[in-house]
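The structure appears below as structure tokens.
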Amino acid sequence: MKALAARRQDRRAPLVLLLLALLLTGAVYAVVAPPSADASAPAATGDDVETGRQIFQANCSTCHGPNAEGTEWAPSLVGVGAAAVDFQVGTGRMPMQNSGPQVLAKDVQFTDEQITQLAAYVASLGAGPAIPTEEQVDPAGGDPANGLSLFRTNCAMCHNAVGAGGALSEGKFAPALLETSPEHIYEAMLTGPQSMPVFNEATLTSQEKQDIIAYIEAQKEPSPGGLELGSLGPVSEGVWAWVVGIGLLIAFSVWIGAKSS
Amino acid sequence: MSTHDHGHDRPQGDVALRGAGGTVGAAGVPARFEDPGLEPHRPRRSDLDPKAAKRAERQTVVLFGVSILGTIVFLAGYFLLPLGSSEAILRSNLALGLGLAFALLGIGTAAVHWAKSLMSDHEVVDERHPVQSSPEVREIAVKALQDGVADANVGRRGVLKGALAGSLALFPLTIAVPLIGELGEDWDVSKFKHTWWKAGTRLATDPDARPIKASDVTIGSVVHVIPEDLEEAEHVLDEKAKAIVLLIRLDERDLKPLPGREGWAYQGIVAYSKVCTHVGCPVALYEQQTHHLLCPCHQSTFDVSEGAKVVFGPAKRPLPQLPIEVDSEGYLVAQSDFTEPVGPSFWERLK
Amino acid sequence: MTTTTTTPTRTGRAAAATADYLDQRTSVGGAVKEFARKVFPDHWSFLLGEVALYSFVTLLISGAFLTMFFVPSMAETEYTGPFATQEGLHMTEAYASTLRLSFEVRGGLLMRQIHHWAALIFMASIVVHMMRVFFTGAFRKPRELNWVVGFTLLILGLAAGFTGYSLPDDVLSGNGLRITDGVVRSIPIVGSYLSYMIFGGEFPGTDLIPRLYTIHILLVPALILALIGLHLLFVVLHKHTQFPGSGRTDKNVVGYPLFPVYVAKAGGFFFVVFGVLALMGATMSINPVWNYGPYDPSPVSAGAQPDWYMLFLEGSLRLMPGGAEVVIAGYTLSLNVLIPAVVVPGLLFSLLALYPFVEAAVSGDKREHHVLDRPRNVPFRTAFGVAVLTAFFVLVLAGSNDLIATHFRMSLNDITGVLRIAFFVAPVAAFWMTKRICLSLQRKDRELVLHGHESARIVRFASGEYIEVHKPLDEHERWLRVQHEAIRPLEIEPAEDARGVRRKGYRSDALKQRVSRWFYEDRVEPVTPAELVAAHSHGEHDALEAVPVEQAPQLTGGGRHLVEPTDPDAGDRRA
């Protein structure tokens with residue numbers, strides 16, 4: 001029995017060690033590195049982290065817990081990164097107002113500075129994706145043709161071919177992208193908010209993300225064909241054919257069939 | 001055919017009133033009302049007032065003028081507006097289209113206005129006759145057919161009739177058989193049951209064919225996958241249509257592998273065919289939180305955490321799973337081809 | 001028509017000479033005599049078929065333009081051109097040439113958009129025209145065969161639309177073809193082979209676009225053209241139907257002559273239809289294929305739907321629960337696809353095609369009809385038509401359920417659940433309601449004939465009683481409301497003859513009678529002169545004694561509140 005126990009211990013030891021080492025690295029990294037992970041946003045100082053912590057305590061801790069460790073109702077924010085905060089708070093999704101199938105974008109509740117501070121605080125809790133630089137999200141640096149290929153493979157099934165949005169199950173939906181800022185689009189891909197999957201560097205490189213942003217930006221140009229009818233595809237075209245086309249033609253028919261006065 | 005004179009020979013009196021007045025007894029009331037005949041013609045303004053007629057004529061001329069103007073706009077747009085950027089195409093399309101529309105609508109409305117206000121609007125009555133031909137004509141026709149049949153001498157020649165019918169029925173086969181025979185090319189429908197995946201084929205991103213390391217797939221991410229060597233296929237799109245796969249990483253605790261498929265996933269990474277088992281649309285909407293996969297065409301919903309079983313919609317079968325593992329360099333590879341045919345059901349699927 | 005000169009003008013002489021030249025070689029005079037002054041009745045709804053005809057002509061004109069630039073090939077090519085989002089993409093020649101003719105051919109995009117809008121309007125106008133024919137009973141003898149011709153045109157229109165929609169070889173139409181492949185494969189026994197036959201091997205293959213192209217620009221249009229010819233030949237042969245009204249009977253046709261009135265009106269209407277389509281093509285983007293990109297089996301986009309006329313099929317597929325797929329002796333029978341894609345549309349379309357024959361059988365009516373029915377006067381038919389339309393509409397809604405979900409913030413799953421029930425309940429409810437509404441409208445007609453219009457003139461009697469004076473209908477107004485006959489259920493011979501021998505064919509007659517009762521049991525008979533007389537004398541009963549008969553015309557009508565004032569001057573004392 002003793003021998004058996006010893007062997008068992010033997011086998012487990014490296015694993016435990018590895019875990020400990022990982023934890024230690026993580027902890028060290030968390031202490032040393034987080035602010036530098038964010039090169040674009042105004043450099044987060046210790047003050048920012050502290051102010052961010054206070055904003056967090058006042059506005060977010062009810063759901064996310066006093067130390068953002070998560071509660072029954074809301075996920076832990078350790079390791080979600082500054083990008084997630086900038087997206088969720090910057091689009092007004094957080095703080096969440098009422099529960100429903102999904103959290104909706106609304107008026108932003110904080111100033112840009114406060115959002116930066118909040119992001120700095122959350123980033124200080126554990127390593128996670130940083131807010132992208134202005135250069136990274138500049139549509140001019142992307143190739144819209146490659147963007148089309150990537151967008152239709154990875155995004156169009158939910159967000160529609162040109163980003164007009166679409167339905168998911170049980171009342172959830174993929175929002176329209178035409179009003180969304182390139183920065184938020186980038187952050188959404190990076191962090192995978194709510195139903196959306198995560199697209200990390202391996203799935204879509206930063207250049208590819210930029211290509212996608214370039215493609216979405218290109219959709220803001222006028223459509224060569226005229227009014228876009230919501231870019232919703234054949235159903236809206238059918239509605240317009242009936243309302244405008246058949247409507248006008250019946251109006252003309254009535255005029256032709258009516259007796260002249 | 002005669003222009004109705006709109007007069008009424010019958011007295012204008014009211015049947016009902018006469019009844020009520022007691023002038024016609026109950027016995028004298030007809031069973032049905034009588035058709036009072038055409039309403040009197042009401043003249044139009046342009047019939048009565050020469051000025052109105054003149055005005056209508058002027059309006060018609062203006063409408064034809066609009067048409068001519070439209071054609072000029074069209075031609076000007078054609079020669080002056082270049083194509084190029086989206087805006088330029090939009091401008092050209094708008095100018096040409098509006099020019100054409102006015103050119104056409106001008107003629108159309110002018111002609112109708114002319115007909116309505118200047119041409120005679122006296123209603124004309126035309127008689128109808130029964131559609132069937134008159135008895136005399138029918139008699140002649142029947143006779144002609146009977147004579148023809150008699151002349152042809154087919155009445156008692158059964159074999160002749162059979163031979164005629166048989167040859168006529170058979171000869172179209174000379175066209176139909178090769179046509180249908182060649183349409184399906186090799187007719188090897190067993191191809192439905194195999195895909196490009198083989199043991200050891202690396203999973204790669206669609207469309208760039210970058211192989212994927214297991215360590216690069218974070219929890220909650222989804223990768224659209226093709227076989228790395230797909231480009232080597234003879235018919236790339238045909239193979240791609242069957243081989244597309246969705247790679248998803250779940251928290252291992254959420255994953256409930258089906259019995260017999262315990263080794264098919266790798267650290268919470270699972271790969272499922274992207275071709276819907278309903279009618280074959282790409283099932284591509286992955287909801288990270290519910291682990292549901294939704295088909296955007298007919299909304300069949302599959303639960304990735306439980307072997308992609310159907311939880312909603314018109315599909316019956318779960319999505320086929322591609323067994324995967326990791327090769328020596330850490331890249332995800334297929335253990336084998338799919339173990340069942342991918343895509344929509346067909347009659348001999350299980351044979 | 002405006003100027004009639006007695007001395008022939010130069011143009012007049014030239015026209016006469018040309019006519020003479022032609023007639024000596026073609027005996028065209030006979031045709032002119034027959035057709036020039038042919039009478040057509042006037043009504044806006046008679047122009048709906050013309051909309052279909054003219055959008056078809058527009059389709060031919062714009063389509064011929066497009067064929068000059070479209071390349072029906074699935075050979076692969078790489079795009080270089082002015083459109084940034086497509087630069088360097090791999091695509092088929094079909095897709096590349098669609099981009100080229102849109103962006104690099106002046107007027108090409110306009111023609112493409114006109115062509116596509118015309119296709120949508122072509123199908124929509126066929127449906128509206130068919131509704132007019134159905135609800136007014138224009139399919140009755142002698143026009144049953146022409147109904148079948150029209151129905152076939154509808155089906156050919158669907159085929160033309162479907163084959164054309166797929167030609168640009170973009171992702172949206174490609175996924176449509178993929179669904180087609182899935183549906184074809186579900187057909188028992190031959191499904192897989194049919195799929196191979198269509199695609200020339202596996203989906204997508206490289207044969208499909210050229211095959212669809214030939215069907216789209218040659219076979220289907222040729223058939224449509226031939227059947228349109230037949231359709232119009234029947235119209236000329238039967239002469240056009242007319243709405244009921246005084247002077248309009250089954251033995252005449254009242255309207256305006258072909259030359260010049262209809263040459264101008266119908267000819268002008270062609271330009272109007274083409275003009276409206278040009279207006280749509282100029283201002284509204286349709287099927288922007290560059291948004292979807294060239295076909296690739298992997299991508300798909302939200303809002304993946306077919307054109308509106310195929311939407312019912314998409315909806316039908318979406319509504320069907322998946323459990324219906326069964327395996328029998330090792331063979332898979334995909335009832336979850338077969339029922340919604342084949343059985344349901346088959347049933348709905350068969351009902352539509354066969355209805356005239358069913359109605360003719362159960363009404364036992366063998367007469368020719370040239371005066372149309374007012375829909376209210378045939379409650380069963382109207383209700384039945386509305387029920388079938390409702391079923392189609394539920395399917396169309398189901399086909400758009402994702403857009404309904406996003407635009408009205410509802411759950412996709414809930415919408416599908418509700419529509420699954422609605423598909424069965426809504427047509428029944430619509431049938432019942434429409435029938436009630438028709439019967440009520442008929443009763444209202446009776447009421448109007450018997451009692452006249454409300455005149456809004458209130459009269460007070462010396463006794464203090466108020467009444468409203470009713471104005472009787474003039475004879476033309478009345479005729480419109482009493483001209484029809486209410487069809488009664490079939491009477492059949494008894495099962496046994498006088499000697500107690502069971503008669504042959506009794507069972508089928510009895511079935512016919514049962515259906516006939518279902519059709520015609522509930523009915524409202526039009527007012528007869530006797531009833532009108534009775535209504536008036538009824539009014540008289542209520543009146544007090546000394547009613548001067550000469551007052552009657554202004555205050556007639558009968559009924560309780562239509563009593564004559566006791567005081568002859570009371571009419572002037574308005575309340």
Side-chain angles (χ1 to χ4, degrees), chain A residues 100-101 143-149 151-162 164-174 176 214-215 218-219 223-229 231-242 244-246 248-250 252-259, chain C residues 42-48 51 84-89 102-103 109 113 117 120-121 124-125 128 171-172 265 268-269 272-273 276-277 280 282-288 291-293 296 298-308 311 399-403 405-406 409-414:
Chain A
D143 167 14
N146 193 38
L148 168 75
S149 298
F151 188 86
R152 65 195 198 132
T153 308
N154 293 288
C155 322
M157 58 287 209
C158 303
H159 290 285
N160 153 308
V162 292
L168 302 177
S169 66
E170 308 287 357
K172 299 186 289 282
F173 64 93
Y215 173 72
Q219 298 313 313
S223 164
L227 300 175
E228 283 156 41
L229 317 179
S231 296
L232 296 173
V235 173
S236 79
E237 288 161 8
V239 171
W240 285 85
W242 274 91
V244 175
I246 292 293
L248 268 177
L249 289 169
I250 286 184
F252 271 114
S253 303
V254 170
W255 173 61
I256 294 171
K259 271 204 163 41
Chain C
D42 224 4
H43 192 270
W44 68 267
S45 70
F46 297 163
L47 296 175
L48 295 170
V51 175
T85 60
Q86 318 284 313
E87 191 64 44
L89 292 185
S102 301
F103 297 147
L109 181 59
Q113 299 205 126
W117 282 121
L120 298 194
I121 296 295
S125 51
V128 185
V171 164
L172 187 65
K265 279 193 175 182
F269 196 43
V272 167
V273 172
V276 167
L277 291 170
M280 296 175 83
T283 54
M284 302 196 294
S285 178
I286 187 165
N287 196 20
N291 283 347
Y292 307 117
D296 178 319
S298 173
V300 65
S301 65
Q305 273 120 340
D307 276 346
W308 78 262
L311 206 52
S400 338
N401 61 358
D402 51 338
L403 294 170
T406 47
R409 289 287 153 84
M410 291 196 278
S411 157
L412 197 67
N413 308 55
D414 295 348

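Letters go in sequence order (proteins before strands), and every chain restarts at 1.
Interface remark: of the candidates G166(A), A145(A), A214(A), A145(A) forms the most heavy-atom pairs closer than 4.5 Å to chain C. Top candidate by heavy-atom pairs under 4.5 Å with chain C, chosen from G257(A), A167(A), A156(A), is A156(A). The residue among C155(A), G233(A), G245(A) with the most heavy atom pairs within less than 4.5 Å of chain C is G245(A). Taking V162(A), I246(A), D143(A) one by one and counting their heavy-atom pairs under 4.5 Å with chain C, the maximum is reached by I246(A). Counting heavy-atom pairs closer than 4.5 Å to chain C, the top-ranked of the candidates G165(A), S253(A), S149(A), S169(A) is S253(A).
Atom CG in N291(C) sits 11.5 Å away from atom CZ in R152(A) (nearest 0.5 Å).
The shortest side-chain heavy-atom distance between S285(C) and L229(A) does not fall under the 4.5 Å cut-off. At a threshold of 4.5 Å between non-hydrogen side-chain atoms, the residues L109(C) and P224(A) count as touching. F269(C) is listed as a side-chain neighbour of V51(C), based on a closest heavy-atom distance under 4.5 Å. Here the side chains of L48(C) and I250(A) are in contact, with some heavy-atom distance below 4.5 Å.
Using a 4.5 Å cut-off between heavy atoms, V254(A) touches chain C through backbone and side chain atoms alike. Only the side chain of L248(A) comes within contact range of chain C, with heavy atoms under 4.5 Å apart. In this structure, the portions of I256(A) lying under 4.5 Å from any heavy atom of chain C include both its backbone and its side chain. Interface residue T153(A): backbone and side-chain heavy atoms are both found under 4.5 Å from chain C. Proximity to chain C (any heavy atom under 4.5 Å) is shown, for W255(A), by neither the backbone nor the side chain. At a 4.5 Å heavy-atom cutoff, the contact between A241(A) and chain C is made by backbone and side-chain atoms alike. With a 4.5 angstrom heavy-atom cutoff, K259(A) touches chain C only via side-chain atoms.
Ring-plane geometry between Y215(A) and F151(A) is classed as tilted, the angle between the planes lying from 30 to 60 degrees on a 0 to 90 degree scale.
Judged purely by atom type and a 3.5 angstrom limit, E170(A) has no side-chain atom pairing as donor or acceptor with the backbone of P101(A). When atom types are taken as modelled, the side chain of E228(A) and the backbone of S223(A) share a donor-acceptor pair closer than 3.5 angstrom.
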